[in-house]
Amino acid sequence: MNTDLANAELGLDLERRIGKRSAAVIEKHLGITTVGGLLNYFPRRYMNRGELTPISEVPLDEEVTLIARVVSSSTRFMKTRRGSLTDVVITDDAGAGTGRPGTLKVSFFNGHRAKAELQPGRRALFSGKITRYGGALGLTNPDFQLLDKDPDTPGVDPEKLAAMPIPVYPATSKLTSWSIQKVVETLLDTADLDAVPDPLPAEITARERFVPVADAYRLIHAPHGPADWQHARDRFRYQEALVLQSALARRRAQLAAEEATARRAVPEGLLAAFDRQLPFTLTAGQAAVGKTLAAELAQDSPMNRLLQGEVGSGKTIVALRAMLQVVDAGGQAALLAPTEVLAAQHFESIRRTLGPLSRDGMLGGFGPDAVQVTLLTGSMPTAARKQAMLDAASGTAGIVIGTHALLSDNVSFYDLGLIVVDEQHRFGVEQRDVLRSKASKPPHLLVMTATPIPRTVAMTVFGDLETSVLDELPAGRAPITTHVVGLAEHPAWATRIWSRAREEIDSGHQVYIVCPKIGSDDDGDFSPGEAEPSAADLAGDNGARELASVAGVVELLRDEPALAGVPVAPLHGRLDPVLKSETMASFTANQTKLLVSTTVIEVGVDVHNATLMVILDADRFGISQLHQLRGRVGRGGLPGTCLLVTSLEPGHPSRRRLDAVAATTDGFVLSQEDLKLRREGDILGASQSGGRSTLKLLRVLEHEDVIARARQDAWQIVGGDPSLGAHPVLAAAIDEYLNPEKEAFLERG
Ligand code: ADP
Ligand code: MG
């Protein structure tokens, strides 16, 4: 079957099926131009004619469609303007089962039809934006449609009609849900639905007992009862999951089919020398993952692997060993970090860990074979950056560590063999691809993430990668104890924090203080790509209270008797880059004892001597962010303490997050908690989802079983038919998913 023919009906201009006028309206308000586009514009939910919408639950300031009964209606002439005002009071009766009877005042200016039709006792659909008038909720000039005298369904037996769910489409202020419904009904009559091919293989349709695709379109748009739309929705949801998973499976198959340069380990190279000088033994997990990586790097198809591991599980060493194998084999390795601080930190610590194996102008290098480690970030002085670029391009640099500056066009490599992406949650598929394009042959790829990812998210966001997990922490890792410090109930603890910090410093250790803001007049220091909702979003509070800022706390500590004479330094993203790295270096060298910073230290920063972390206004941070932050202490075999300081009252919803973080250090438990509070879009951010389209019916957290089943099916289909030549409809659906704006099935029929 030919793909173009397969999708002729879906790709057809809407105009051909519903006429010029309707097509123009749909294009103008919904941006949809094809039959397929409108058929796939699914109702968001369904209403039951028999039930009234609970008015107390309708959201303010949103377009709503609701069913209500008219209580009273009165019309008067306005005093200050010409015309009449009809006030209609509508109700959900006894709160439609919520026990809170709700009424809403609906006002119409010159509402002649409203006056005539909205008589007490009538039921109607209303559509408009809910506003608040002097304390009471109201609707002004909404669209409405009587339900008990439905002009659009003549001849339908009233009892059947009463049971028919009303689809509610994502509407706009100019186009009501029922206007969309009417157009869709026309389309269902005129479109050649039986010519619409099914992207699902017949075996799957049979196994899942799905209705044929033509019926599914009818049932999802014009159901006769709830079972209808549920069946149809299950089918389209599965279809969505299969398309998504097939896209990932195909991508993985394509990547695996590419030819890469094999980077085989050499017996007496840098890696062997490095292993001999390691001051500790690798954990069993590190050794096992190391073996996997070594084997994959030695193959002539590219490695594409995700390494998941708790904060502190020792991912860097695993990556470094892989990089050394590649360098031994004559290639270069690039390590991509999400922030400048983290890149600089990796640079320092990797050079330190390599010792004499790193050739950096110091005496005592490992002969001419030592590897040059080069840092390349956007904020480096021009001369240094030019030199670094030159070293990368000429091959002088064996390991290049940098930020997204490595992605810029003018950075090139002599022979890039391995890309390591650290803390993936800030690097999307597109960025991975840009880096890949910097090698003449596809390089090997290792993506590392410390964020514990639920299974389905991993399947969806990283579905094109193989996965390895480091699930144990190196021996000697001391536990972190976390306490919530509630200043609302214990104001005196505010000063106790500083004497606690002093005790830590007096016993030779160091302290982090983390603030949500830099100065008194900014919104914080969140790195680009930060996907977490602020606590203010989550709690809905407007943050009237002044939040702790880096500048403010440094000021405060200057006069704090408990910390007299203690070297304190600020660190945040707006600091001059040179100053920033000097500050970090001074803290690493144990000269600065107390670092007051923003979340720039969130990922990867590794100072073993730091034992106490105080997070001020901790309620401003999300769960996984707090978990990441506290992973900075307790790293050097010394027990760590983390204080989550908050001024919120006990029982405030945001304090539950703090309690959750204090209750466990199990990242996977916390990630589940966290995800309950996050929005889907944050998880499947456009840059991370592997495709640009947003999911319609599939919810990554809710539909784990659907995703898992679809993934298995997809792997099987793509395994037997990597080019999808025998599955042209599925292939077309994938193209459409990956390039929605291109409307891949739009090969005009
Ligand atoms: P993460 O997985 O969070 O990136 P790192 O790679 O930064 O963790 O490792 C955390 C610390 O643990 C580093 O100081 C590292 O040197 C140390 N480390 C790594 N592996 C081991 C090991 N097998 N034994 C002891 N310490 C280790
Ligand atoms: Mg790390």
Side-chain angles (χ1 to χ4, degrees), residues 311-312 341 345 348-349 473-474 476-487 490-516 548-572 582-619 621 625-647 658 661-665:
V311 180
V341 168
Q345 180 97 20
E348 294 302 335
S349 84
L473 297 184
R477 190 55 54 80
I480 302 171
T481 319
T482 306
H483 303 283
V484 178
V485 178
L487 297 181
H490 304 290
W493 285 1
T495 52
R496 173 77 189 104
I497 296 167
W498 308 127
S499 34
R500 181 75 184 71
R502 180 63 190 231
E503 287 161 24
E504 215 61 46
I505 291 162
D506 281 347
S507 54
H509 304 141
Q510 290 162 279
V511 177
Y512 293 107
I513 311 284
V514 182
C515 308
S549 68
V550 173
V553 170
V554 168
E555 189 76 10
L556 179 88
L557 295 188
R558 207 165 282 154
D559 301 327
E560 172 54 50
L563 290 170
V566 169
V568 171
L571 179 72
H572 54 76
E582 280 172 11
T583 302
M584 247 353 267
S586 157
F587 191 67
T588 310
N590 196 4
Q591 283 153 359
T592 294
K593 299 289 177 182
L594 190 148
L595 195 66
V596 183
S597 83
T598 55
T599 52
V600 290
I601 56 151
E602 181 188 346
V603 264
V605 170
D606 189 27
V607 175
H608 287 196
N609 196 42
T611 49
L612 174 66
M613 172 172 288
V614 179
I615 305 179
L616 299 174
D617 290 311
D619 47 272
F621 301 103
Q625 211 174 9
L626 292 170
H627 182 56
Q628 289 262 335
L629 278 168
R630 74 174 157 182
R632 303 304 111 212
V633 293
R635 292 172 83 85
L638 304 162
T641 306
C642 175
L643 302 180
L644 305 175
V645 183
T646 176
S647 301
L658 303 188
V661 173
T664 179
T665 49

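Nothing here was measured: the structure is a model prediction, and the numbers come from that model.
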In Å, rounded to the nearest 0.5 Å, how long is the span from [atom1] of [X] to [atom2] of [Y]?
X	Y	atom1	atom2	value
Glu504	Ser499	CD	OG	12.0 Å
Leu629	Ile615	CG	CD1	4.5 Å
Ile505	Arg500	CD1	CZ	10.5 Å
Leu595	Ile513	CG	CD1	9.0 Å
Leu644	Asp617	CG	CG	11.5 Å
His490	Leu487	NE2	CG	9.5 Å

Smallest separation among heavy atoms of [X] and [Y], with atom names:
X	Y	value
Leu594	Ala501	CD1-CB, 4.4 Å
Leu563	Arg502	C-NH1, 3.6 Å
Val596	Val550	O-CG1, 3.5 Å
Cys515	Ala548	CB-O, 3.5 Å
Phe621	Leu626	CB-CD2, 3.7 Å

Original post:
What residues form a side-chain hydrogen bond (donor to acceptor under 3.5 Å, both in side chains) with Gln591, not counting sequence neighbours?
Top reply: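 Scan of Gln591 (side-chain hydrogen bond (donor to acceptor under 3.5 Å, both in side chains), adjacent residues dropped) gives none.
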
**OP:** Go through the steps to decide whether Leu638 and His509 satisfy the test side-chain contact (heavy atoms from CB on, under 4.5 Å), and finish with yes or no.
**Re:** CA-CA 9 Å; Leu638 304 162; His509 304 141; 3.7 Å; yes

Please check: side-chain N/O of [X] versus main-chain N/O of [Y], any donor-acceptor pairing under 3.5 Å?
X	Y	answer
Gln510	Phe587	yes
Arg630	Ala662	no
Asp619	Leu658	no
Arg632	Tyr512	no

Less than 4.5 Å apart, side chain to side chain, heavy atoms only: is that true for [X] and [Y]?
X	Y	answer
Thr641	Val633	no
Val607	Met584	yes
Val485	Val614	no
Trp498	Leu556	yes
Thr592	Thr583	no

